[in-house]
Amino acid sequence: MPTTLDRRNRLVCLLPSETTIKGQKLINRFFSLQTLLILFVVMAVTGPENSPLSFTSAAVAQSETTDDTDVEEEEEEPLRPLVMVNCASLEHMLQNVDYVFALAERPEYSELINGALANVNDLQGFNRTKPFGLMIYVEPGLLPIPIPVGYVPVDNVELFMETVEMGPFATLKVEDEENRYEIAGPRGILQVKIVDGYAFIASDALHLDWEFEAPEEVTETVSSRYDLSLSVNVNVVGETTRNVFLTYLQSSAAGELQQGNDEPDGAYRVRKAEAEFLLEFIEQLLTHGEKLILGIQASPTTRQAILELSLDAQDDSSLSEFLIGIGGRHSYFSNAIDDKAPLTFSTSWGLDDSMKEMVMEIMSVAESEIVADMKDDEGDPTPIGKIFESLRETAEAGQVDLFSQFFIYPGGQFVLIGGMKLASGHKFGNAVADLMNRLDSDPNVAELDVNMGSHGGVTFHRVRGTKSRRQDERLYGGKPALYLGGSSKAIWYAVGGDNALTSLKLAIDQVSQAQIEVTRPPDAPLQFVVNMSTWLSKMGDGQFAELAKASFKEYPDALRLEARPTEKGGRFRLEFDEGFLRLLGLAISGRIDERFGL
């Protein structure tokens, strides 16, 4: 084992004057995170009175002026990081690596990784079963600086230090300091403090005098849910600091919201409406947000991986009302939605006042662009104008409710169907019929059937163009036709060949059946599902197609995206079935083979 003198000599040899490029890159990757945090660093510009941090300098100054004065000491509360990157455990990560390469039938790469760990002392002294990661605080001041503090679980300090020395580092026990160490690397010296089985690592010894929360406690929720996560504690930033940042954001946005010299009025109005909505949402996030978490988990038990983004808001805040308000409603089309179909998209999204305002402005621009010069001889609105009138009434009702869904028939022919619930469906349907009649003389229309039939209270029209894209013909099995139908409650459509209208009638029948029981949970405001195996015949013969066919033929193949309100805010969740994990393993192993000529 290296002696203290050996470590001291090595420590001196590795000071910055003797650095190596390799060591610099290693330190940079772990500790230079300023660019990632620039948005949050700006929040701390108002000074220490609003900072979540409590530095020791004030306490030292106070002790110098009150030598013999009894001062009642207040119990110091643990600090909360602004940002935390957490790994549930090294054991979890290695198990996931084994799982992915086993799916790809390339277990030799798992063995390669285990061999690499053996070259670094097999990470002895490092506890493989506990969380580890990085906490980032913000030091107050006119030039705020992110303060990264690493936390690493240690079950044997001496063995841990020996493992560290396997790299371009040297370690040294700090004299007269209990549980304090130094690690010298090519770019300088890092400070280490061992507390309750964890090594806290920082670039400045003063930062290790802070009272930290126990990592296992502060990461308990995310470690139990995710293998790897990024958390942002928005409410760590003081109110005054948030206001300063919002003022800066608003003043910066004001210039961006000005119309460009050559920017058309319509494009400018749409861009401005979208930017104002986004700006208002950011203001709500900074004012009423509590925590933002991005996490990922892979599980051999559930045979899927999950990527999740969740946002918690303050109770009874306008942000909480917005996030909760987007859901809680059943879709009119629930009975027709089939998540086993090749592709399904559905939304039953509640609109608040700010979203209504944005949607209304966008529709107003679209209408003015399309129908500005399209009036009847009597000056009445064209059919398109009546369509927009129906859409505005629907948006004013406060809910966007629509779905689209692909079906596949024997022979590989696809059909696309869908619908949208309308506040005044008959008005929309009559306008569509009027529009179809006007297409009779259009040279781009090859076939036109107006009022070709009806089913379940829906009147259908059919139109086929003179031209079609090659990929559309391949997908639908020939030149597709568009079917449109309207009822008092919805507008329906289908795209495809002879089976398109049959599929549409089936969906109408399903919707017209007894509606959902009130005890059933509301539909997700947003759902998107793709079952990859049904698309393999349309993928061609490229490299990705080969990997996809090898991944999805015998393994679960669904990709699901879902957005839902939660008790504290909202959550976006992306689920990948096992076939995607096999695809990942095949892609990674293929790249490694290509890189090393295997």
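Because the structure is predicted, anything quoted here is derived from the model rather than measured.
Put simply, the side chain of S589 gets close to the backbone of L586: a donor and an acceptor are under 3.5 Å apart. The backbone N or O of T171 sits less than 3.5 Å from a side-chain atom of E165, completing a donor-acceptor pair. Within the 3.5 Å criterion, the main-chain N or O of L307 finds no donor-acceptor partner in the side chain of E575. T347 places a side-chain N or O within donor-acceptor distance of the main-chain N or O of P525, the cut-off being under 3.5 Å. Panel note: side chain N127, backbone T129; a donor-acceptor pair is recorded below 3.5 Å. Judged purely by atom type and a 3.5 angstrom limit, D557 uses its side chain to pair as donor or acceptor with the backbone of M532. Not one N or O on the side chain of K130 forms a donor-acceptor pair closer than 3.5 Å with the backbone of A88. Judged by distance alone, with hydrogens and angles left aside, the side-chain atoms of R582 form a donor-acceptor pair with the main-chain N or O of L103 at under 3.5 Å. Looking only at distances, a side-chain donor or acceptor of Q405 sits under 3.5 Å from a matching main-chain atom of D338. S299 contributes a side-chain N or O that, together with a main-chain N or O of T302, makes up a donor-acceptor pair within less than 3.5 Å.
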Practice problem: Output, in order, the C-alpha distance, side-chain angles, deciding distance and verdict of side chain to side chain donor-acceptor pair (under 3.5 Å) for T219 and Y151. | Solution: CA-CA 11 Å; T219 66; Y151 57 97; 5.4 Å; no
Quiz prompt | Evaluation steps, side-chain contact (heavy atoms from CB on, under 4.5 Å), between Q304 and I306 | solution = CA-CA 7 Å; Q304 64 179 197; I306 296 171; 3.9 Å; yes
Practice problem: Determine, stepwise, if the pair F580 / Y555 fulfils ring-ring contact (aromatic ring centres under 6.0 Å, His included). | Solution: CA-CA 9 Å; F580 287 90; Y555 289 84; over 10 Å; no
Exercise. Verify side chain to side chain donor-acceptor pair (under 3.5 Å) between D523 and S348, making sure each step is shown before the conclusion.
Key: CA-CA 7 Å; D523 296 299; S348 180; 5.8 Å; no
Practice problem: Under the ring-ring contact (aromatic ring centres under 6.0 Å, His included) rule, what do F212 and F200 come out as? Steps first, then yes or no, please. | Solution: CA-CA 9 Å; F212 298 108; F200 292 92; 4.9 Å; yes
Exercise. Give the C-alpha distance, both sets of side-chain angles, the deciding distance and a yes or no for side-chain contact (heavy atoms from CB on, under 4.5 Å) between L230 and M84.
Key: CA-CA 6 Å; L230 169 68; M84 183 172 65; over 6 Å; no
Exercise. Would you please test L134 and V149 for side-chain contact (heavy atoms from CB on, under 4.5 Å) and show each step?
Key: CA-CA 6 Å; L134 188 69; V149 178; 5.8 Å; no
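Between I136 and P146, the shortest heavy-atom contact is CG2-CB, 4.0 Å. Closest heavy-atom contact between D227 and A298: OD2-N, 2.9 Å. Nearest heavy-atom pair, D339 versus T344, reported as atom, atom and distance to 0.1 Å: CA-OG1, 4.4 Å. In terms of heavy-atom proximity, P480 sits nearest to V495 at CB-CG1, 3.9 Å. Nearest heavy atoms, G579 versus S551: O-CB, 3.4 Å. Scanning all heavy atoms of the two residues, the minimum distance from N499 to Q413 falls at ND2-OE1, 3.7 Å.
A salt bridge is absent between D401 and R329: the closest approach of a Lys/Arg side-chain nitrogen to an acidic carboxylate oxygen does not fall below 4.0 angstrom. For R560 and D577, the salt-bridge test passes: some basic side-chain N is under 4.0 Å from an acidic carboxylate O. Using a cutoff of 4.0 Å between basic side-chain nitrogens and carboxylate oxygens, R571 and D312 are not scored as salt-bridged. With respect to K479 and D472, no salt bridge is recorded, no charged nitrogen being found less than 4.0 Å from a carboxylate O. Taking the charged nitrogens against the carboxylate oxygens, E308 and R573 do have a contact shorter than 4.0 Å, which makes a salt bridge.
W492 and F333 have perpendicular rings, their planes meeting at more than 60° on a 0 to 90° scale where under 30° would count as parallel. Ring pair H207/W210 is tilted by interplanar angle, where 30° to 60° counts as tilted. Ring geometry for F406 versus F414: interplanar angle over 60°, hence perpendicular rather than tilted (30 to 60°).
For the atom pair CZ (F281) and OG (S354), the distance works out to 10.0 Å, reported to the nearest 0.5 Å. Distance check: T287 OG1 to N235 CG gives 12.5 Å after rounding to the nearest 0.5 Å. How far OG of S468 is from CZ of R474: 14.5 Å, rounded to the nearest 0.5 Å. Taking CD1 of I326 as the reference point, atom CH2 of W349 lies at 3.5 Å (rounded to 0.5 Å). Within the model, atoms CG of L286 and CG of L249 stand 7.5 Å from one another, a figure rounded to the nearest 0.5 Å. S503 contributes atom OG, which lies 10.0 Å from atom CG of L416 (distance to the nearest 0.5 angstrom).
Two residues are said to be in side-chain contact when any heavy atoms from C-beta on lie closer than 4.5 Å; R80 and Y137 fail this criterion. With a 4.5 Å cut-off on side-chain heavy atoms, D315 and K568 count as touching. Proximity of R128 to L94: side-chain heavy atoms (C-beta onward) are separated by under 4.5 Å at one or more points. Contact of the F576 side chain with the L584 side chain is not registered, since no non-hydrogen atoms from C-beta on lie closer than 4.5 Å. By the 4.5 Å heavy-atom criterion applied to side chains, K553 and S533 are not counted as neighbours. At a threshold of 4.5 Å between non-hydrogen side-chain atoms, the residues R106 and I588 do not count as touching. S320 is not listed as a side-chain neighbour of Q314, based on a closest heavy-atom distance of 4.5 Å or more. Taking 4.5 Å as the limit, every side-chain heavy atom of N156 sits out of range of all side-chain heavy atoms of Q124.
Remark: E217 CD is loosely packed, at most 12 non-hydrogen atoms of other residues, nucleotides or ligands lying under 6.0 Å away. Applying the 6.0 Å contact sphere to CD of E473 captures more than 12 heavy atoms from other residues, nucleotides or ligands. More than 12 heavy atoms of other residues, nucleotides or ligands shown are found within 6.0 angstrom of CD on E108. For CG of N114, the number of neighbouring non-hydrogen atoms (other residues, nucleotides, ligands) closer than 6.0 Å is greater than 12. The environment of D541 atom CG is sparse: at most 12 non-hydrogen atoms of other residues, nucleotides or ligands sit within 6.0 angstrom. The environment of F572 atom CZ is sparse: at most 12 non-hydrogen atoms of other residues, nucleotides or ligands sit within 6.0 angstrom. Residue E554 places its CD atom among 12 or fewer non-hydrogen atoms of other residues, nucleotides or ligands, all under 6.0 Å distant.
The side-chain tip of K421 points at the ring of Y332 from less than 6.0 angstrom away and within 45° of straight on.
Between the side chains of Y476 and Q471, not a single donor N or O lies within less than 3.5 Å of an accepting N or O.
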